[in-house]
Amino acid sequence: GDGDGDAGKKKPSRIESLEREIQYTRESLQSAVEEMETSNEELISTNEELQSTNEELQSANEELETSREEMQSLNEELSTVNSELQAKVEELSEANDEMQDLLDGTKIATVYLNNELAIERFTEEPTKLISLIPTDIGRFIGDLTMQLRGGSVVDDARSALESLVFKEREVQAKSGQWYLMRTMPYRTRGNIIRGVIITFVNIDKLRSAEATTAMARDFYEGVVDAVREPLLILGPDLVIVSANRTFYDMFKLRKEAVEGGSIFDIGGGEWDIPSLRKLLEEILPENSVFDDYEGAHNFPRIGQRIFKLNARRIEIKAGDGGLILLAIEDATGAA
């Protein structure tokens with residue numbers, strides 16, 4: 001009977017134990033289910049976040065694609081602008097070369113200075129007058145050795161910049177040749193003073209020609225004055241170029257009232273003699289010469305005179321009409 005009692009007692013305990021295990025298992029399962037639900041909710045939330053992030057990335061990718069297309073378009077525009085600029089640079093370079101060739105071709109020595117009187121460019125010719133080499137670009141003009149006498153390049157350049165009026169003077173190179181140095185301000189197309197241009201024109205031959213002409217003029221005036229008979233030199237249209245001292249003394253006339261006027265206007269028309277007019281206007285052009293033409297005329301200042309005329313027409317250049325030499329011999333007292 002005791003054994004049965006013990007077995008009866010143990011049996012409920014086993015059941016309780018199993019129930020407890022079942023209860024524990026149920027609770028554990030419930031807890032696991034709750035954890036799974038929580039995890040599932042977290043996964044759903046994470047998935048939603050990932051989906052949102054994915055949409056943001058997609059949007060960012062679209063923006064980047066748009067930016068890439070814009071960059072591509074901008075790059076193409078820049079490439080076009082660069083090509084246009086390159087073409088402009090080539091045009092400017094070609095124009096610059098043409099201008100330099102033109103300046104060199106004129107054989108006029110030219111130096112360009114900026115507002116600080118530093119050298120910007122120069123042609124080949126000035127190197128004979130100023131010690132210039134290509135590396136002098138950017139140097140102050142006053143630092144260079146000048147081969148000139150008769151004027152200061154620096155002073156004239158400063159004066160031209162200050163007054164905005166060109167300066168001009170004759171200068172002599174150490175070689176002895178003469179140049180006309182002209183200094184003038186130069187402006188941009190917007191009328192802004194950019195600097196100074198200095199040009200040197202060789203006038204050595206011109207000065208020599210002027211000197212020769214002056215010597216020739218002095219010589220022929222000396223010869224004309226040395227002739228004892230009254231002598232007139234007439235130019236085109238019978239204008240009096242010059243007369244000698246004997247002419248002025250004999251006919252009581254002044255040089256300033258005679259030279260530059262027509263022979264027929266001298267002394268209020270006293271030389272407007274029909275026979276003389278015919279000789280000068282008709283006979284002389286055909287024959288180029290007449291000798292010992294004799295005539296008489298009453299001159300208001302000196303009275304009645306008998307005179308002989310000798311004339312020669314001399315052409316300086318073919319077709320220019322030349323000069324007429326008219327010699328007047330007073331034959332009033334001749335027997």
Side-chain angles (χ1 to χ4, degrees), residues 27-127 130-144 157-158 160-162 164 166 183-199:
E27 289 174 357
S28 296
L29 183 61
Q30 180 67 29
S31 177
V33 167
E34 288 174 356
E35 286 177 3
M36 281 187 66
E37 286 178 353
T38 302
S39 295
N40 191 44
E41 287 173 359
E42 289 175 355
L43 282 170
I44 290 170
S45 176
T46 302
N47 186 53
E48 288 173 351
E49 288 175 3
L50 285 171
Q51 192 167 346
S52 175
T53 302
N54 187 51
E55 288 172 356
E56 289 173 1
L57 285 171
Q58 183 69 23
S59 177
N61 188 50
E62 289 171 358
E63 288 175 2
L64 284 171
E65 182 65 24
T66 303
S67 296
R68 189 187 68 79
E69 290 172 357
E70 289 175 354
M71 288 287 288
Q72 182 68 23
S73 176
L74 182 60
N75 190 48
E76 288 171 1
E77 289 177 8
L78 285 172
S79 181
T80 303
V81 171
N82 189 51
S83 299
E84 291 174 354
L85 285 173
Q86 185 65 30
K88 285 289 184 187
V89 166
E90 289 172 1
E91 285 177 14
L92 284 171
S93 179
E94 187 176 339
N96 189 53
D97 291 342
E98 288 176 357
M99 186 177 76
Q100 189 68 32
D101 288 343
L102 176 63
L103 289 171
D104 288 338
T106 61
K107 298 298 180 185
I108 297 174
T110 309
V111 180
Y112 289 80
L113 307 178
N114 62 19
N115 284 324
E116 284 70 47
L117 306 187
I119 296 166
E120 286 197 339
R121 69 166 67 197
F122 56 88
T123 60
E124 293 179 5
E125 291 294 312
T127 55
I130 304 171
S131 299
L132 279 169
I133 56 176
T135 53
D136 287 328
I137 299 294
R139 288 186 65 189
F140 174 57
I141 186 73
D143 292 341
L144 302 176
R158 282 184 176 143
L161 273 180
E162 289 169 6
L164 304 182
F166 78 85
T183 309
M184 67 199 88
Y186 77 94
R187 295 170 167 83
T188 63
R189 291 182 66 182
N191 207 31
I192 298 169
I193 301 300
R194 175 74 188 280
V196 177
I197 302 174
I198 305 171
T199 59

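For the atom pair L113 CG and E120 CD, the distance stands at 8.0 Å (nearest 0.5 Å). Here the CG atom belonging to L29 is positioned 10.0 Å from the CE atom belonging to M36, to the nearest 0.5 angstrom. Distance check, rounded to the nearest 0.5 Å: OG of S83 to CD of Q86 gives 8.0 Å. We find the CD-OG distance between E41 and S45 to be 9.5 Å, quoted to the nearest 0.5 Å. A distance of 6.5 Å separates CE of M71 from CG of L74, quoted to the nearest 0.5 Å. Taken to the nearest 0.5 Å, the OH atom of Y112 stands 11.5 Å off from the CD1 atom of I198.
Here the closest non-hydrogen pair linking N115 and I193 is ND2-O, 3.3 Å. Between L161 and G195 the shortest heavy-atom distance is CD2-O, 3.8 Å. The two residues F140 and E116 make their nearest non-hydrogen contact at CD1-O, 3.8 Å. The two residues I137 and R121 come nearest to each other via the heavy atoms CD1-CA, 3.9 Å. Heavy atoms only, all atoms of each residue included: A118 and G138 are closest at CB-O, 3.6 Å. Annotation for L117 and A157: closest pair CD2-CB, 3.8 Å, computed over non-hydrogen atoms.
Panel note: side chain T66, backbone E62; a donor-acceptor pair is recorded below 3.5 Å. Not a single donor-acceptor pair under 3.5 Å links the side chain of T110 to the backbone N or O of T123. Checking side-chain atoms of S67 against main-chain N and O of E63 turns up a donor-acceptor pair under 3.5 Å. S52 places no side-chain N or O within donor-acceptor distance of the main-chain N or O of E48, the cut-off being under 3.5 Å. Panel note: side chain S79, backbone N75; no donor-acceptor pair is recorded below 3.5 Å. At least one donor-acceptor pair under 3.5 Å links the side chain of T53 to the backbone N or O of E49.
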- [ ] Could you walk me through whether V196 and I141 pass the side chain to side chain contact (heavy atoms under 4.5 Å, CB included) test, one step at a time?
- [x] CA-CA 11 Å; V196 177; I141 186 73; over 6 Å; no
